[in-house]
Amino acid sequence: MPELPEVETIRRQLAEKIVGKTINQIEILAPKIFIGEVKTAIGAKVVGVGRVAKVLRILLSNGNALLAHFKLNGQFFWRGPGDDSPARFTCVIFHFTDGSRLLFNDSRKFGWIKAMENFSEESAAAIEPFCPDFNLKNFFAVLAKSRRPVKLVLMDQEKIGGIGNIYANEALFAARISPFRPANSLSVNEAEKLRNAIVKILQKAIDCRGSSGKDEWYRQLDGSPGGYQNHFLVYQKNGQKCPRCGDPITRQNQAGRGTFYCPACQI
DNA sequence: CTGCGGTCCTGAAGGC
DNA sequence: TGCCTTCAGGACCGCA
């Protein structure tokens, strides 16, 4: 599922393709996906592509913006002029004046695209990895405020932006912390280990251009899979030996989501 | 504040 | 082979 590294990968690849191009048509094949009015973006030039947490922002020359959320299995695919290669589950097609197209595909239709008028970049409430406010002091303060299991706090987009199920599991394993520990039970030392693990793992995942695990629909802009799934240590590894202590990796349901961890060495 | 269950949606996987 | 059931899951919402 697209989390921070996947959305960041798409952001970088998309910026190379569409900055400077003008949108001349938007084709909507699945109406529920597109929120707002098409005319917000028609005739506008793309001036930048940004990202906040898991949300992509396409900034337009007219002061408006298109925001996109991939949710579970949304995809952006690029088609150059004359490239008619087929795609499945296409919901929205952006046409540019040079004949190139950007496809938004989503088999489950959980994702969305929002056309925003007079878009202003308000400051986000959540702290976010790779932003200056994601320091130990702020991170520890977020954890200290909640008795909920630490994994759920990591994935709470109102508190920390960009972390989903894959990287929450992997970061907690790297920091040797049980996903079920109340967030406020972590020491400063443990919080520091966890913070550092998050930054390190997300950076490595960005370097690998995201994760395309066995159930993952994530693909890069050109349709090719990412590479970080080859570095998973616990995610989708239930039944296999823990690479650290050899005990079996366990899968357990936590708030409706699969939690993968080593009960022996994550304390 | 916290947790729980339901909702959206449909491909994939498992059972018979 | 094929039909039917179950599961997964990010964000959100109502309710206890």
Side-chain angles (χ1 to χ4, degrees), chain A residues 1-11 28-36 51-57 67-77 86-92 104-114 116 124-129 141-172 179-186 198 202 205 210-219 223 225-226 229 232 234-239 249-261:
Chain A
M1 63 220 69
E3 305 178 27
L4 188 154
E6 289 75 28
V7 181
E8 176 62 18
T9 300
I10 295 297
R11 185 196 70 75
I28 299 175
L29 288 75
K32 70 158 285 193
I33 299 297
F34 194 93
I35 300 155
R51 176 189 61 76
V52 170
K54 303 179 192 174
V55 179
L56 203 66
R57 297 174 161 185
L67 309 190
H69 198 309
F70 299 113
K71 291 290 182 86
L72 301 182
N73 44 8
Q75 305 169 323
F76 264 150
F77 279 7
R88 304 172 76 197
F89 315 115
T90 301
C91 298
V92 179
F104 183 81
N105 307 323
D106 190 342
S107 68
R108 290 195 187 157
K109 299 187 175 73
F110 277 16
W112 47 252
I113 291 170
K114 285 181 191 168
M116 310 282 289
I127 60 171
E128 174 171 339
V142 165
L143 297 181
K145 272 185 213 151
S146 178
R147 291 181 280 120
R148 300 165 69 204
V150 59
K151 183 185 173 226
L152 303 189
V153 176
L154 291 186
M155 293 171 64
D156 184 339
Q157 300 301 304
E158 291 194 356
K159 308 240 172 5
I160 300 168
I163 302 173
N165 204 27
I166 295 174
Y167 300 106
N169 280 300
E170 292 293 326
L172 286 162
F180 302 95
R181 285 265 301 279
N184 66 359
S185 75
L186 269 67
I198 289 167
L202 293 179
S211 300
S212 301
K214 67 173 160 72
D215 297 331
E216 309 303 327
W217 287 66
Y218 166 73
R219 290 294 182 274
Q229 65 278 9
F232 288 171
V234 288
Y235 186 69
Q236 295 176 333
K237 300 287 185 188
N238 41 320
I249 301 295
T250 300
R251 184 202 161 119
Q252 199 168 321
N253 237 43
Q254 191 177 19
R257 247 143 283 150
T259 288
F260 302 85
Y261 73 115

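None of these values were measured; they are calculated from a predicted model. Throughout, protein chains are lettered first and strands after them, A, B, ... in sequence-line order, and every chain is numbered starting at 1.
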Tell me, for nucleotides 9-16 of chain C in 5' to 3' order, what letter each nucleotide earns: B for a base near a protein heavy atom under 4.0 Å, S for only sugar-phosphate near one, - for neither? BBS-----
When the ring centroid of A:F232 is compared with that of A:F260, is the distance short of 6.0 Å? no
Decide if the gap between the ring center of A:F70 and the ring center of A:F76 is smaller than 6.0 angstrom. yes
Donor-acceptor contact below 3.5 Å, side chain A:D156 vs main chain A:L152: no
When you match A:F89 and A:A255 each to their closest nucleotide on DNA chain B, which lands nearer the 5' end? A:A255
Closest-nucleotide ordering on DNA chain B, the 5'-leading residue of A:K214 and A:K159: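 First, find each residue's nearest nucleotide; the 5'-ward one identifies A:K159.
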Using only side-chain N and O atoms of [X], determine if any of them is under 4.0 Å from OP1 or OP2 of [N].
X: A:R148; N: B:dG3; answer: yes
X: A:K32; N: B:dC8; answer: no
X: A:S146; N: B:dC1; answer: no

Looking across every strand, which nucleic acid part, if any, lies under 4.0 Å from A:F70 by heavy atom: base, sugar-phosphate, or nothing?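 If one applies the 4.0 Å heavy-atom cut-off, A:F70 turns out to touch nothing in the nucleic acid.
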Just the rounded figure in Å: distance from C1' of B:dG3 to CD of A:Q254. 12 Å
Of A:E170, A:K151, A:R257, which meets side chain to side chain donor-acceptor pair (under 3.5 Å) against A:N165?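 Answer to the side chain to side chain donor-acceptor pair (under 3.5 Å) test with A:N165 among A:E170, A:K151, A:R257: A:K151.
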Under the side-chain hydrogen bond (donor to acceptor under 3.5 Å, both in side chains) criterion, do A:Q229 and A:Y218 qualify, and how do the steps go? CA-CA 11 Å; A:Q229 65 278 9; A:Y218 166 73; over 6 Å; no
Can you give me the closest heavy-atom contact between A:Q254 and A:P149, atom names plus distance? NE2-CB, 3.3 Å
Minimum heavy-atom separation for A:V153 to A:I160, with atom names? O-CD1, 4.0 Å
Output the pairing pattern of DNA chain C as a dot-bracket string, 5' first, Watson-Crick or G-U wobble with both distances under 3.5 Å, | for cross-strand pairs, [ ] for crossing pairs. .|||||||||||||||
With rounding to the nearest 0.5 Å, note down the distance linking CZ in A:F77 to OG1 in A:T90.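 Here the interatomic distance stands at 8.5 Å.
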